[in-house]
Amino acid sequence: MANRERFLELMGEILERRWFSNDGPVVRDFESAISRFLGVKHCIATCNATVALEIAAKALGLEAEVIVPSFTFVATAHALQWLGITPVFCDVDPGTHNIDPAAVERLITSRSTGILGVHLWGTPCEIEVLQEIADRHELALFFDAAHAFGCTYAGEYVGRFGRCEIFSFHATKFLHSFEGGAITTDDDELAENARRMRNFGFEGYDNVVSAGINGKMSEPCAAMGLTNLECIEGLVESNRQSYRAYCAGLEGIPGIRVVKYDERETCNFQFVVLELDSEAFGMSRDELVDRLQRCGVLARKYFWPGVHRMEAYRSRLSEASLSLSNTEWLAERVVTLPAGTAVDKDEISGICSLIRGSARD
Ligand SMILES: Cc1ncc(COP(=O)(O)O)c(C=O)c1O
């Protein structure tokens, strides 16, 4: 945690006030601080990003089919499926790992109502191209920005693009509130609908005007989020140092490519992601992950085997829809390494030596 004293101070105030949830003052402070930081009009804090995605899809009035990348965390698709909306899986660009706009265009049908882009690893999607496609086909474009808090696109913070964007503040994210999420938007009406849906459809104290869900963030979660937000520069700096130490330590290892951030933009450097070419490296991706884990390093394969190949989806897809070649190619190669405040310089150097020592001579 970035500042233990500050968190305990806020927790002390919460305990004194005995106001633990239901749009309390710390949640409101957290929402205002997020809005100010991102330069966006509205922030609606939620209990997590998955519920925020569901609320956003409902508030946008989506139905039938929404196009999503398959190379993402399963929650992106589940949020739609849970609402009875069919996620239509789209391939990604193998360079950026993000949804491929040309592939999106090919998947649009008369049943499409929206496009849900994911700013994977904090790298923004091709937002302008996607917006142009969405406008031309009258589709709602929104973004799963779970990885992208504090990242910019063309110099502007992610958070104001499309109809709305959704953040995750889960404990694994660099800006975390234990569990939490948020919907951000400049759209007044959408914000009002989402805020009402987050609280069972209540408008005011005792007037229920629509169906809703319990998507509220609690006060202790907001206290953690606010504390971390106040220290965000230090958190990003620590992530940046880890990322740069990995880039230097893994330089020149055959078959290893560190996925690079575009440092002309502001990045959060939250993830250290490798693509492994097992032939050049001399060991399969799974063997490397195994070896690292046996040495106590929390390396992970990510988004394997691609959401379209996970059950809940796989058995209802046709052979043609089951084949997303770039997604499958990446899902067989990607490894993430422990990053940010979870590792210090010496640990990073040890992990890099382990990887170097596993490579073919
Ligand atoms: C891309 C993406 N979307 C959505 C989520 C879900 O976030 P939450 O755990 O806050 O529901 C995650 C969580 O890791 C994620 O990585």
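With hydrophobic clusters built from ILVMFWY side chains whose heavy atoms lie under 4.5 angstrom apart, L324 does not share a cluster with L107.
In terms of modelled atom types and a separation under 3.5 Å, the side chain of S218 and the main chain of F20 share no donor-acceptor contact. Although no hydrogens or angles enter the test, the distance criterion places no donor-acceptor pair under 3.5 Å between the side chain of T152 and the main chain of E265. When atom types are taken as modelled, the side chain of S242 and the backbone of G340 share a donor-acceptor pair closer than 3.5 angstrom. A donor-acceptor pair under 3.5 Å is absent between the side-chain atoms of W82 and the main chain of G84, judged by distance alone. Remark: the backbone N or O of D91 is not paired with any side-chain donor or acceptor of N326 at under 3.5 angstrom. The closest donor-acceptor contact from the side chain of R240 to the backbone of F269 lies at 3.5 Å or more, if one exists at all. No donor-acceptor pair closer than 3.5 Å links the side chain of R300 to the backbone N or O of P338. Remark: side-chain polar atoms of S112 are not paired, donor with acceptor, to backbone N or O of G114 under 3.5 angstrom. Panel note: side chain T327, backbone S70; no donor-acceptor pair is recorded below 3.5 Å.
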* When you look at D135 and Q131, which way does the side chain to side chain donor-acceptor pair (under 3.5 Å) test go after all the steps? -> CA-CA 6 Å; D135 290 346; Q131 190 63 66; 3.0 Å; yes

* Pair H78-F73, ring-ring contact (aromatic ring centres under 6.0 Å, His included): steps then yes or no -> CA-CA 9 Å; H78 274 0; F73 184 59; 8.4 Å; no

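Between F303 and F71, the ring planes lie perpendicular to each other; the angle is over 60°, past the 30° to 60° tilted range. Classification of the F169-F167 ring pair by plane angle, with boundaries at 30° and 60°, yields parallel.
H176 is not listed as a side-chain neighbour of F149, based on a closest heavy-atom distance of 4.5 Å or more. Looking only at side-chain heavy atoms (C-beta outward), P87 and Q81 come within less than 4.5 Å of each other. Side-chain contact check for E192 versus H42: every heavy-atom pair is 4.5 Å or farther apart. Looking at heavy atoms from C-beta onward, H147 lies in side-chain contact with K173 at the 4.5 angstrom threshold. Considering only heavy atoms from C-beta on, L276 comes within 4.5 Å of I256 through its side chain. I355 places a side-chain heavy atom less than 4.5 Å from the side chain of L292.
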Identify all side-chain donor-acceptor contacts of residues 119-130 below 3.5 Å with residues at least two apart in sequence or on another chain.
from: H119; atom 1: ND1; to: C125; atom 2: N; distance (Å): 3.0
from: H119; atom 1: NE2; to: E165; atom 2: OE1; distance (Å): 2.9
from: W121; atom 1: NE1; to: H97; atom 2: ND1; distance (Å): 2.9
from: E128; atom 1: OE2; to: Y153; atom 2: OH; distance (Å): 3.2

Return a table of donor-acceptor pairs under 3.5 angstrom between the side chains of residues 345-354 and protein atoms on other chains or two or more places apart.
from: E347; atom 1: OE1; to: D344; atom 2: N; distance (Å): 2.8
from: S353; atom 1: OG; to: S349; atom 2: O; distance (Å): 3.0

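The CZ atom of F174 lies 6.5 Å from the CD atom of Q270; values are rounded to the nearest 0.5 Å.
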